[in-house]
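Written below as structure tokens is the structure these notes are about.
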Amino acid sequence: MLLVNTIRDQFDRVLAGLEKRNFPEAKSILTQVIALDDQRKASQTQRDQLQAESNSISKEIGQLMRLGKKEEAEIIKSKTTELKLQVKELEDKNATAEEELKALLYTIPNIPHFSVPAGKSAEDNEVVFEHGVIPDLGENKVPHWELIKSYDIIDFDLGVKIAGAGFPVYKGKGARLQRALINFFLDEALAAGFMEVQPPILVNEDSGFGTGQLPDKEGQMYHDAADNLYLIPTAEVPITNLYRDVILSEEDLPIKNVGYTPCFRREAGSWGAHVRGLNRLHQFDKVEIVQITHPDHSYRALEEMSSYVQGLLKKLELPYRVLRLCGGDMGFTSALTYDMEVYSAAQERWLEVSSVSNFETYQSNRLKLRFKDGDKKTQLAHTLNGSALALPRIVASILENNQSPDGIHMPKVLHSYLGFDKI
RNA sequence: AGAGGAGUGGCAGAGUGGUCGAAUGCGGCGGUCUUGAAAACCGUUGUACCGCAAGGUACCGGGGGUUCGAAUCCCUCCUCCUCUGCCA
């Protein structure tokens, strides 16, 4: 969430940013935030004053008691009754203001970076780079949902039987392809200086709030009510929360973590056309990279992460393009997001396989993720993350783009991981 | 899962109702001394909020309560340790 001080000090910039996102009633909400914060400050100052008075009376009573002057102590005791009532009242007022303030701040998305284009929907995203040649499959192109059937490598019906729609079962070479991709992605990330972590895939409420999935995306996550835990929609949640309530030292930065996890998304209400086969699932595998950086270096880190992900796509020999998301299409918590899309030659469409974002201090403010700078002052760090990569659509694209009469050829870089070169 | 014990500052560890934000030791930082280093000695060393500042307030696992006053008493939740049970 945004810092109230940012809203105060850079009101116009914040307002302009929210307008770029088409955030409604921005001005009135920002004004409300400041008013609530003023209220909060006023009631706290008052409370603190009265509490100070009450504290000093208590000390006095303590001294009188020690001297054995019980009667005098009794007399001034009565002075505190009124104070206590007032303090209680102000505390309630303060708590209410704080709650309202927080609730309001939760509704405000991050401020877009200046380079983010204005726009309402995915159509306004800006293509910043394209690479590779789109294969021409001619008349014989077969979509991946048919390929997986004819080669018997991914079984949706079996998944329905044991779990439900959107939970595929990978079999034989299909399963081995999953494992190969995961290992390939992890090895690449290790070579690029990321430290591997294996986090829990169930997280508590605090973690959900820390990275911003809660409160607004509650319905997107599977929830275990018995223990109040959430199945993670992405490894971003547990990995970034590793650093919740942490004060790092400047030398620790940048922190670079990578983790493989399954991801779970309810995708409530988002089924329809274009979601056949592997295009959208309730459970899928993803390798995620996370960075925690000094505020001065976060955009450099974002570019690094973007080229790192592009490097993976090049090694997999997939045609791809990079989009800079527009204000209207960007995630709630992000300041700047690049989406990487691969071309799926039988579906004849671009599929998002990675999303690389800089959250600046939006997450770290919620997470209380800070570092001590050179002047020994604590300040909020910047958090970033990106998929590197999400598997299903990569698989879809590999299958479709490399199909041929004699089978599906695997990208060279995977051969040693797979133990075969063709399906 | 049951029984018992315990959670205090970066770490170790004292403190069981009142000048306790918290002794002491270690570590860290600054300094004296030294050719340099070590040792010794002196000083300093948590976080957040309000305030221009002085200063004030809050925090001793989380939350709630008792009290004029809570690290200390009560309730509740969480976590860890030991024993018993169960189990990949």
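Naming: A, B, ... by sequence-line order, numbering from 1 per chain. Scope of the values below: all heavy atoms of this structure, side chains included, with no hydrogens, waters or symmetry mates.
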Pull out every protein N or O sitting under 3.5 Å from an N or O of nucleotides 59-66 of chain B, one pair per line with the distance.
none

Return the polar atom pairs (N/O with N/O) between nucleotides 47-50 of chain B and the protein under 3.5 Å, or none.
{"unit_1": "B:U47", "atom_1": "OP1", "unit_2": "A:Lys372", "atom_2": "NZ", "d": "2.4"}
{"unit_1": "B:U47", "atom_1": "O3'", "unit_2": "A:Arg370", "atom_2": "NH1", "d": "3.3"}
{"unit_1": "B:A48", "atom_1": "OP1", "unit_2": "A:Arg370", "atom_2": "NH1", "d": "2.9"}
{"unit_1": "B:A48", "atom_1": "OP1", "unit_2": "A:Thr378", "atom_2": "OG1", "d": "3.0"}
{"unit_1": "B:C49", "atom_1": "O3'", "unit_2": "A:Arg40", "atom_2": "NH2", "d": "2.8"}
{"unit_1": "B:C49", "atom_1": "O2'", "unit_2": "A:Gln44", "atom_2": "OE1", "d": "2.4"}
{"unit_1": "B:C49", "atom_1": "O2'", "unit_2": "A:Gln44", "atom_2": "NE2", "d": "2.9"}
{"unit_1": "B:C49", "atom_1": "O2", "unit_2": "A:Gln44", "atom_2": "NE2", "d": "3.3"}
{"unit_1": "B:C50", "atom_1": "OP1", "unit_2": "A:Arg40", "atom_2": "NH2", "d": "3.2"}
{"unit_1": "B:C50", "atom_1": "O2'", "unit_2": "A:Thr45", "atom_2": "OG1", "d": "2.7"}

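Taking atom CD of A:Glu60 as the reference point, atom P of B:U19 lies 15 Å away to the nearest angstrom. Following rounding to the nearest Å, A:Asp227 (CG) and B:C78 (C1') show an atom-to-atom distance of 13 Å. Whole-Å rounding puts the A:Gln51 CD to B:G21 P distance at 13 Å. Spacing between atom CG of A:Asn204 and atom P of B:C77 amounts to 18 Å, rounded to whole angstrom units. Going from atom CG of A:Leu64 over to atom C1' of B:U19 covers 13 Å, rounded to whole Å. To the nearest angstrom, C1' of B:G17 lies 15 Å from NZ of A:Lys59.
B:C86 makes up no base pair with any nucleotide shown, lacking Watson-Crick or G-U wobble contacts both under 3.5 Å. In this structure B:U67 sits in no base pair that meets the Watson-Crick or G-U test at under 3.5 Å. Under the Watson-Crick and G-U wobble criteria, each requiring two contacts below 3.5 Å, nucleotide B:U79 is paired to B:A6. B:U34 is unpaired under the Watson-Crick or G-U wobble criterion, no partner having all donor-acceptor distances under 3.5 Å. Nucleotide B:U44 is matched to B:G28 when pairs are restricted to Watson-Crick or G-U wobble geometry with both distances under 3.5 angstrom.
Of all heavy-atom pairs between A:Asp224 and A:Asp227, the closest is OD2-OD2, 3.2 Å.
Within the 3.5 Å criterion, the main-chain N or O of A:Glu236 finds a donor-acceptor partner in the side chain of A:Thr234. Checking side-chain atoms of A:Thr31 against main-chain N and O of A:Lys27 turns up a donor-acceptor pair under 3.5 Å. Panel note: side chain A:Asn110, backbone A:Thr333; a donor-acceptor pair is recorded below 3.5 Å. Although no hydrogens or angles enter the test, the distance criterion places a donor-acceptor pair under 3.5 Å between the side chain of A:Ser397 and the main chain of A:Tyr343.
A gap of 14 Å separates the P atoms of B:U45 and B:G55, to the nearest Å. Between the C1' atoms of B:A48 and B:C60, the separation comes to 16 Å (whole Å). Separation of the C1' atoms belonging to B:C20 and B:A70 is 11 Å when rounded to the nearest angstrom. Distance check on atom P: B:G69 versus B:C80 gives 35 Å, rounded to whole Å. With P as the reference atom, B:G56 and B:U19 are 16 Å apart, rounded to whole Å. Here the separation of B:G9 from B:G4, taken at their P atoms, is 27 Å to the nearest Å. Separation of the P atoms belonging to B:G25 and B:C78 is 39 Å when rounded to the nearest angstrom. Here the separation of B:G43 from B:A23, taken at their P atoms, is 15 Å to the nearest Å.
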message = A:Phe209 vs A:Tyr106, test: ring pair (Phe, Tyr, Trp, His ring centres under 6.0 Å). Steps then yes/no.
response = CA-CA 10 Å; A:Phe209 274 97; A:Tyr106 277 147; 5.6 Å; yes

key: Stepwise ring pair (Phe, Tyr, Trp, His ring centres under 6.0 Å) check, A:His415 with A:Phe420   = CA-CA 6 Å; A:His415 290 180; A:Phe420 56 86; 8.6 Å; no

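Taking 4.5 Å as the limit, some side-chain heavy atom of A:Gln347 sits within range of a side-chain heavy atom of A:Trp145. Inter-residue side-chain proximity for A:Arg176 and A:Tyr417 is flagged as unmet; no heavy-atom pair is nearer than 4.5 Å. Proximity of A:Asn257 to A:Phe194: side-chain heavy atoms (C-beta onward) are nowhere separated by under 4.5 Å.
Counting non-hydrogen atoms under 4.0 angstrom, A:Ile61 reaches a base of the nucleic acid. When heavy atoms are screened at a 4.0 angstrom cut-off, A:Ser58 is found touching base atoms of the nucleic acid.
Annotation: of the two residues near RNA chain B, A:Ile57 and A:Gln49, the 5′-most nearest-nucleotide partner is A:Gln49. Judged by closest nucleotide on RNA chain B, A:Gly62 is the one of A:Glu53 and A:Gly62 placed further toward the 5' end.
Side-chain proximity of A:Gln63 to the nucleotides B:U19, B:A58, B:G56 is greatest for B:U19.
With A:Arg47 as the fixed residue, the salt bridge (charged side-chain N to carboxylate O under 4.0 Å, His left out) test singles out one of A:Glu91, A:Glu98, A:Glu89: A:Glu91.
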